[in-house]
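Down below is the structure, laid out as structure tokens.
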Amino acid sequence: MENLIESKIREKLVAAIEKAIEDGSLKLESIPDIYLEIPNNPENGDYATSLSLKLAKTLRMPPMKIAGIIVEHLEEPNSLFDKIVMAPPGFINFFLRERAVSAVIKQVLAEGDRYGSSMQGSGKKVNVEFVSSNPTGPLTIGHGRQATIGDVLSNALSFCGYEVTREYYYNDAGKQMNMLAQSVHARYQQLYDSAYPFPDEGYKGDYIRDAAVDVREQEGDKFAGKNDPETLDFFRRFAVREMIALIDRDLKNYGVRFDVWSLESSLYSEGKVEQAIELLRKHGHIYEKDGAVWFRSSALGDEKDRVIVRSNGEKTYFAGDIAYHMNKHERGFDWAIDIWGADHHGYVPRMKAVIKALGYPDDFLECIVHQMVSFMRDGQEIKMSTRQGQFVTLDELVREVGLAVTRFFFLMRSADSHLVFDLDLAKKESNENPVYYIQYAHARISSIVKHASEKGIDLGNLAGADLSLLTEPEEIDLMKYLSRFPSVVEAAAEKREVHRIPNFILEAVGLFHAYYNKSRVVSEDEPLTLARLALVEALRLVVRNALGLLGIEAPERM
RNA sequence: GCGCCAGUAGCUCAAUUGGAUAGAGCAACGGCCUUCUAAGCCGUAGGCUGAGGGUUCGAUUCCCCCCUGGCGCGCCA
């Protein structure tokens, strides 16, 4: 489950500090947070703590002296550590014994596909809302980044013991839907009269023509030449339904699953929007000016007040979102995560203001903002515009470079960084492409295991292998690295930094490839063969678990 | 003008709640396939972390101020 080595070191440090407090050598009120880190330079140990440096100020003692006291009070250091040394200006460095390191293999083999999971989240209910596009066309690669981050963050949170609900919110109300209706309507009319005018602001993509053809197939020419409100209403409902089906299909093909689909329109039909406005009004956050209804968000951290009901009586998108977040809270979530593109980041303060106005804890809502994606093909940047019909759809992208590559590229970089998606690189099936590098490692290990089994080696008892035979530096490094996986998953979930997972896998399989080229796993030395098989099998499980969190397949052969 | 994000090797990016000597991949150059998959490995080279101040034992990381790029700043969504 957790990183056993790390938690043992923490326990020992806590015990040592407790003892030191008891006998008066450290004058502390309580146990401080235990900072543990992995030094860059192995000469500084496998783990290190700068605890004494942090405590120096409050204790008013020299850090080296504090380090000395802590080390003196550590119990049975020899069971886990080779040595513990103090280093100026006050670090305590821990060097693990090889036996302590190899324990991770047994842990991985025993826990299998649960290795790396934890109960950190202790069942807290979290709602993760992502993608949430207008149903006006297929998903673009801009949505793709968000879909991937949201999907993988949800996976990581679940793996860490949170109860996650993945949610998609359709903005199926408002002006955009009328424009969509008019666009499909115009394309439909053009099937009968090629001179029929197309609206200037209409959606120009081919999928609009497809929808028009679908109308003709299902309804024939009964709307030909008609432009009355009932006709347009039919086209609106038809088009929304068709677009939602399109998006559902895209998400399914992309391997993203949702638990709940919320419709903006049903918040209206169920009166939720009115209720939300009334609640805000009751608490004095609402006023009227110039015939419109305003939310006083400037009093709660936003830069200005926001209109929620326009002077023509129509509610704004924001009004729906207020009701929606109230709804999330009413459904009993402990917290809600919204994932948005950078073009919506200005929305964060007003949404936070809503949370405050409704009287929810400030941290009920967490907004994750990811930077934009640009798309390069043949060295040329492609501008995306749904209305111009010049977008690159997620579906096209997946078809072109494959699911694994698409997902991996979207995940590789921190959400804060702008992403340049280079199609030419993504299409290369070579070592330039990190996805193949990883999958190749998995296939290689699978091949080793197969080879061993064909040689008649009993793979049923890998857990019983004599792991003390694993003494090569590459083997030790690999084992140490595997033990870090649970911490990486936890960091990915807790810091909402999913790119840590791809980085971890790349590093891990890099160690493996080097090891593979230097040492043979299957040899005439049977005990050593078993030990090495246990090692690579553990690695294979970790790679598979990690790829699983990313929604990427781990192939047996390539 | 105001706000959010970014600025690290030629290019694309990492860097463990502030840690010790800032790391990978690509591109360049030189090596490794009668042995479990060469979609691989090993080696060489590459840096004033955009500039300047500050905080402290210690700053790529935090604060201030500039510069550059992206994105916002609607009774649109």
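Since the model is a prediction, treat every value here as computed from it, not as a measurement.
Phosphate proximity of rA77(B) to Tyr347(A): absent, as no side-chain N or O sits under 4.0 Å from OP1 or OP2. Checking the phosphate oxygens (OP1, OP2) of rA38(B), a side-chain nitrogen or oxygen of Arg444(A) falls inside 4.0 Å. Phosphate proximity of rA77(B) to Tyr317(A): absent, as no side-chain N or O sits under 4.0 Å from OP1 or OP2. An OP1 or OP2 oxygen of rG74(B) is reached within less than 4.0 angstrom by a side-chain nitrogen or oxygen of Lys304(A).
Nucleic acid contact for Asn93(A): base, since at least one base atom lies under 4.0 Å from a heavy atom of the residue. Among the heavy atoms of the strands lying under 4.0 Å from Ala443(A) is at least one base atom, whether or not backbone atoms are also near. At a threshold of 4.0 angstrom between heavy atoms, the contacts of Tyr35(A) include nucleobase atoms, whether or not backbone atoms are also involved. Asp290(A) comes within 4.0 angstrom of a nucleotide base, judged by non-hydrogen atoms across all strands. Residue contacts shown for Asn41(A) include a base, since a base heavy atom lies under 4.0 Å away. Among the protein residues, Thr529(A) comes within range of no part of the nucleic acid, since none of its heavy atoms lies under 4.0 Å from any strand. Note on Ala48(A): a base of the nucleic acid sits closer than 4.0 angstrom, heavy atoms only.
Comparing rC75(B), rG40(B), rC5(B) by their nearest atom to the side chain of Ala292(A) picks out rC75(B). In this structure, of rC73(B), rA77(B), rC71(B), it is rA77(B) that holds the atom nearest to the side chain of Thr316(A). Nearest to the side-chain atoms of His345(A) among the listed nucleotides rC71(B), rG40(B), rC76(B) stands rC71(B). With rG40(B), rU21(B), rC73(B) as the candidates, the nucleotide lying closest to the side chain of Glu43(A) is rU21(B). The side chain of Arg310(A) has rC75(B) as its nearest neighbour among rC75(B), rA20(B), rC5(B). The listed nucleotides are rA77(B), rU35(B), rA39(B); the one nearest the side chain of Arg520(A) is rU35(B). Listed nucleotides rA20(B), rA77(B), rG19(B) differ in distance to Lys54(A); the shortest reach to its side chain belongs to rG19(B). Checking rC36(B), rG72(B), rC76(B) against every side-chain atom of Gln176(A), the shortest atom distance belongs to rC76(B).
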Contacts under 3.5 angstrom, residues 300-308 of chain A side chains, donor-acceptor by atom type, not counting sequence neighbours:
| unit_1 | atom_1 | unit_2 | atom_2 | d |
| --- | --- | --- | --- | --- |
| Asp302(A) | OD1 | Arg306(A) | NH2 | 3.1 |
| Asp302(A) | OD2 | Ser297(A) | OG | 3.4 |
| Asp302(A) | OD2 | Arg306(A) | NE | 2.8 |
| Asp302(A) | OD2 | Arg306(A) | NH2 | 3.2 |
| Asp305(A) | OD1 | Ser297(A) | N | 3.3 |
| Asp305(A) | OD1 | Ser298(A) | N | 3.0 |
| Asp305(A) | OD1 | Ser298(A) | OG | 2.6 |
| Asp305(A) | OD2 | Tyr287(A) | OH | 2.6 |

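Taking 4.5 Å as the limit, some side-chain heavy atom of Phe409(A) sits within range of a side-chain heavy atom of Val405(A). Considering only heavy atoms from C-beta on, Ile149(A) stays 4.5 Å or farther from Phe130(A) through its side chain. For the pair Leu365(A)/Val354(A), no side-chain contact is recorded, criterion being any heavy-atom separation below 4.5 Å from C-beta on.
With sequence neighbours left out, Val369(A) forms a side chain to side chain contact (heavy atoms under 4.5 Å, CB included) with Ala342(A), His345(A), Val348(A), Gln371(A). Scored by the side chain to side chain donor-acceptor pair (under 3.5 Å) test, Lys65(A) finds no partners at all (sequence neighbours excluded). In this view, Tyr168(A) and Ser133(A) satisfy the side chain to side chain donor-acceptor pair (under 3.5 Å) rule, not counting sequence neighbours. For Arg444(A), the side chain to side chain donor-acceptor pair (under 3.5 Å) criterion is met by His513(A), not counting sequence neighbours. Considering only residues two or more places apart in sequence or on other chains, His325(A) meets the side chain to side chain donor-acceptor pair (under 3.5 Å) condition with Asp338(A). With sequence neighbours excluded, the residues forming a ring-ring contact (aromatic ring centres under 6.0 Å, His included) with Tyr347(A) are Tyr317(A), Phe318(A), Trp340(A), listed by chain and number.
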Dot-bracket notation for RNA chain B, counting Watson-Crick and G-U pairs under 3.5 Å, with | for partners on another strand:
(((((((..((((.....[...)))).(((((.......))))).....(.(((..]....))).))))))))....
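With salt bridges taken as basic N to acidic carboxylate O contacts below 4.0 Å, none links Glu490(A) and Arg500(A). Ion pairing of Lys328(A) with Glu167(A) is absent here, as no side-chain N (NZ or NE/NH1/NH2) approaches a carboxylate O to less than 4.0 Å. A salt bridge does not link Glu475(A) to Lys518(A): none of the charged nitrogens lies less than 4.0 Å from a carboxylate oxygen. Ion pairing of Glu556(A) with Lys450(A) is absent here, as no side-chain N (NZ or NE/NH1/NH2) approaches a carboxylate O to less than 4.0 Å. Taking a cutoff of 4.0 Å between a charged side-chain nitrogen and a carboxylate oxygen, Lys315(A) and Glu274(A) qualify as a salt bridge.
Comparing the same atom, C1', in rC67(B) and in rG52(B) gives a spacing of 11 Å after rounding to whole Å. Rounded to whole Å, the separation between the C1' atoms of rG46(B) and rA9(B) comes to 5 Å. Taking atom C1' on both rG10(B) and rC73(B), the two are 37 Å apart, rounded to the nearest angstrom. When the C1' atom is used for both rG31(B) and rG47(B), the distance is 27 Å, rounded to whole Å. Distance noted for atom C1' between rC57(B) and rA20(B): 12 Å (whole Å). Between rA38(B) and rC32(B), the two C1' atoms lie 9 Å apart (nearest whole Å). Taking atom P on both rG23(B) and rU44(B), the two are 14 Å apart, rounded to the nearest angstrom. Between rC65(B) and rG58(B), the distance separating the two P atoms is 24 Å to the nearest Å.
Of all the residues in residues 85-92 of chain A, Ala87(A), Pro89(A), Phe91(A) reach under 4.0 Å from RNA chain B with at least one non-hydrogen atom.
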Protein-nucleic acid N or O pairs under 3.5 Å, nucleotides 30-32 of chain B:
none

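Take the nearest nucleotide of RNA chain B for Thr49(A) and for Arg557(A): the residue whose nucleotide is more 5' is Thr49(A). In this structure, Ala173(A) and Met558(A) both approach RNA chain B, and ranking their closest nucleotides by distance from the 5' end singles out Met558(A).
Evaluation of atom-type donor-acceptor distances gives a pair under 3.5 Å for the side chain of Ser311(A) against the base of rC75(B).
Applying the side-chain hydrogen bond (donor to acceptor under 3.5 Å, both in side chains) rule to pairs touching residues 31-49 of chain A yields Asp46(A)-Lys480(A), sequence neighbours excluded.
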Could you go step by step and tell me if Ser446(A) and Arg540(A) meet the side chain to side chain donor-acceptor pair (under 3.5 Å) rule?
CA-CA 8 Å; Ser446(A) 302; Arg540(A) 185 163 69 142; 3.0 Å; yes
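When the C1' atom of rG19(B) is taken as reference, atom OH of Tyr47(A) falls 17 Å away, rounded to whole Å.
Here rC29(B) is in the anti range [glycosidic angle more than 90° from 0].
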For each nucleotide in nucleotides 7-16 of chain B, reading 5' to 3', give B when a protein heavy atom comes within less than 4.0 Å of its base, S when such contact involves only the sugar-phosphate, and - otherwise.
-----SSSSB
